[in-house]
Protein chains: 2
Amino acid sequence: MDQRLVQEINRLHAEICGGLSDPKRITILYALAERSKNVMELAEVLALPQPTISRHLKILRERGMVVPERRGANIIYALGDKRIIRALDLLRQVLNDNLAHNARLVELTAK
Amino acid sequence: MDQRLVQEINRLHAEICGGLSDPKRITILYALAERSKNVMELAEVLALPQPTISRHLKILRERGMVVPERRGANIIYALGDKRIIRALDLLRQVLNDNLAHNARLVELTAK
DNA sequence: TTGATATATTCGGATTGTCGAATATTCCAA
DNA sequence: TTGGAATATTCGACAATCCGAATATATCAA
């Protein structure tokens, strides 16, 4: 395998992951997994100003993680790929296990 | 659910994802998935200076994504959880599909 | 203990990411 | 075609991240 290409792929791979590395974007993705929403709906759900939502949507859009569809004056955003949620769920499980493990350590140390 | 807690969880969730958002760290994780390695081995595989590897390992270690085990003078690093690789694989598939999709668009536009 | 090897940390500087606020753009309806 | 609603972009400031270089720490072997 051409090492240049591998590096380029890894860069893009990391870029995708970077799309997930913000709590607000994670919330947006889970919200869209439930059902597609327009920008204002997302702004309400996240209780954030609309420009903030638009900025994060741009980041997700550029990575193909969400897909916009114009519907009259609104733009409905949908999850780009369900595997993104599967990946997020896996990582959340890892997080849960780590937290549980740490909690056990705290318990043991306290005795 | 307490909204404060949800936000805290999402913050940690994003932090885990942030651990994946660098090409070198992705390479490290895949290298460790193959088999555990010490720092110098990783430095060789990635062709990077040792301090750079150590810095990235620290980030992964803090998130529980890799686990160190001292073996004499060396420290063997192992993948913390195989689900991390499963998540990475899912996201790489999404990337592949996006690239393939874009390639199709280029083809169609060229005609 | 001393030297050598393996690993980790720190520092300054450059780059990137995020935010709020303000402003543009796009589209519909009257 | 003009006003309003929905969405997107830009700006400056600030925080976070990354790197190379230098340095510190830890372990082993002699």
Side-chain angles (χ1 to χ4, degrees), chain A residues 7-8 10-29 31-32 35-80, chain B residues 7-8 10-29 31-32 35-80:
Chain A
Q7 294 211 343
E8 173 71 3
N10 281 344
R11 225 210 49 210
L12 293 171
H13 197 170
E15 210 166 274
I16 296 269
C17 294
L20 303 174
S21 67
D22 180 281
K24 295 169 185 175
R25 287 198 290 273
I26 289 182
T27 310
I28 289 177
L29 289 169
L32 293 183
R35 68 172 176 75
S36 298
K37 295 180 177 61
N38 63 31
V39 180
M40 288 205 329
E41 281 180 292
L42 284 171
E44 280 181 23
V45 172
L46 300 216
L48 286 174
Q50 171 267 319
T52 297
I53 301 291
S54 276
R55 258 190 280 111
H56 284 296
L57 284 174
K58 177 181 189 174
I59 292 173
L60 295 171
R61 202 192 321 131
E62 286 170 346
R63 289 159 173 76
M65 307 172 84
V66 301
V67 176
E69 181 185 348
R70 189 168 273 285
R71 184 84 64 94
N74 300 5
I75 296 186
I76 313 287
Y77 276 91
L79 195 62
Chain B
Q7 293 211 342
E8 174 71 3
N10 281 343
R11 214 194 39 107
L12 293 171
H13 198 170
E15 210 166 276
I16 296 269
C17 295
L20 303 175
S21 67
D22 181 281
K24 295 169 185 174
R25 287 199 290 273
I26 290 182
T27 309
I28 288 177
L29 289 169
L32 293 183
R35 69 173 174 77
S36 298
K37 295 179 177 63
N38 64 30
V39 180
M40 288 204 331
E41 281 180 292
L42 284 171
E44 279 181 25
V45 171
L46 301 216
L48 287 174
Q50 170 268 318
T52 297
I53 301 290
S54 277
R55 260 190 279 108
H56 284 296
L57 284 173
K58 177 181 190 175
I59 292 174
L60 294 171
R61 202 194 319 129
E62 286 170 345
R63 289 159 173 76
M65 306 171 83
V66 302
V67 176
E69 181 185 348
R70 189 169 272 285
R71 184 85 64 93
N74 299 5
I75 296 187
I76 312 287
Y77 276 90
L79 196 62

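Each chain gets a letter, A, B and so on, in the order its sequence line appears, and its residues count up from 1.
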Touch class at under 4.0 angstrom, heavy-atom based, for Ile53(B) against every strand present: nothing

Whole-Å gap separating P (dG4(D)) and CE (Met40(A)): 16 Å

Side chain of Ser54(B) (C-beta onward), nearest among dT9(C), dC28(D), dA26(D): dT9(C)

Contact summary for Ser36(A) and Ala78(A), nearest pair of heavy atoms: OG-CB, 3.2 Å

Selected nucleotide, minimal atom distance to Lys58(A) side chain, candidates dT9(C), dT7(C), dT9(D): dT9(D)

Nearest-angstrom distance from the residue atom CG of Leu42(B) to P of dA8(C): 10 Å

Atom-pair distance (CG on Leu46(A); C1' on dC19(C)), nearest Å: 15 Å

Spacing of Leu60(A) atom CG relative to dG17(C) atom P, expressed in whole Å: 13 Å

Distance test, side-chain N/O of Tyr77(A) to OP1/OP2 of dA8(D), below 4.0 Å: yes

Full working for side chain to side chain contact (heavy atoms under 4.5 Å, CB included) between Arg55(A) and Thr52(A): CA-CA 5 Å; Arg55(A) 258 190 280 111; Thr52(A) 297; 3.7 Å; yes

Sugar-phosphate, base or nothing in reach of Arg25(B), heavy atoms under 4.0 Å: sugar-phosphate

Any Lys24(A) side-chain N or O less than 4.0 Å from OP1/OP2 of dC19(C): yes

Evaluation steps, side chain to side chain contact (heavy atoms under 4.5 Å, CB included), between Asn74(A) and Met40(A): CA-CA 9 Å; Asn74(A) 300 5; Met40(A) 288 205 329; over 6 Å; no

Arg70(A) vs dC27(C): side-chain N/O to OP1/OP2 distance below 4.0 Å: yes

Spacing between Leu57(B) atom CG and dC19(D) atom C1', to the nearest angstrom: 16 Å

Below 4.0 Å: OP1/OP2 of dC19(C) and any side-chain N or O of His56(A): yes

Degree of bending in the helix from dT1(C)-dA30(D) to dA30(C)-dT1(D) once both end axes are built from five pairs, to 10°: 20°

Separation of Ile28(B) CD1 from Leu48(B) CG (nearest 0.5 Å): 8.0 Å

Short side-chain N/O contact from Thr52(A) to OP1 or OP2 of dT18(C), under 4.0 Å: no

Shortest non-hydrogen contact from Leu42(A) toward Ala31(A): CD2-CB, 4.0 Å

Gap separating the CZ atom of Arg63(A) from the CZ atom of Arg25(A), nearest 0.5 angstrom: 6.5 Å

Pair of N/O donor and acceptor under 3.5 Å linking dA8(C) base with Gln50(B) side chain: yes

Nearest-nucleotide pick for Pro51(B), side chain only, options being dT7(C), dT7(D), dA22(D): dA22(D)

Any side-chain heavy-atom pair of Met65(A) and Leu20(A) under 4.5 Å: yes

Length of the line joining Ile59(A):CD1 and dT10(D):C1', which is rounded to integer Å: 14 Å

Arg71(A) vs Asp22(A), nearer the 5' end of DNA chain C by closest nucleotide: Asp22(A)

Arg61(B), nearest nucleotide to its side chain (from dT10(C), dA8(C), dA6(C)): dA8(C)

Rounded distance (Å) that lies between atom P of dC18(D) and atom CG of Leu48(B): 13 Å

Protein-nucleotide distance (Arg11(B), atom CZ; dT18(C), atom P), rounded to Å: 15 Å

Donor-acceptor pair present, Arg55(A) side chain and dG20(C) base, under 3.5 Å: yes

Whichever of Val39(A) and Ala73(B) has its nearest DNA chain D nucleotide further upstream toward 5': Val39(A)

Closest non-hydrogen atom pair between Lys37(A) and Leu32(A), with its separation: N-CD2, 3.7 Å

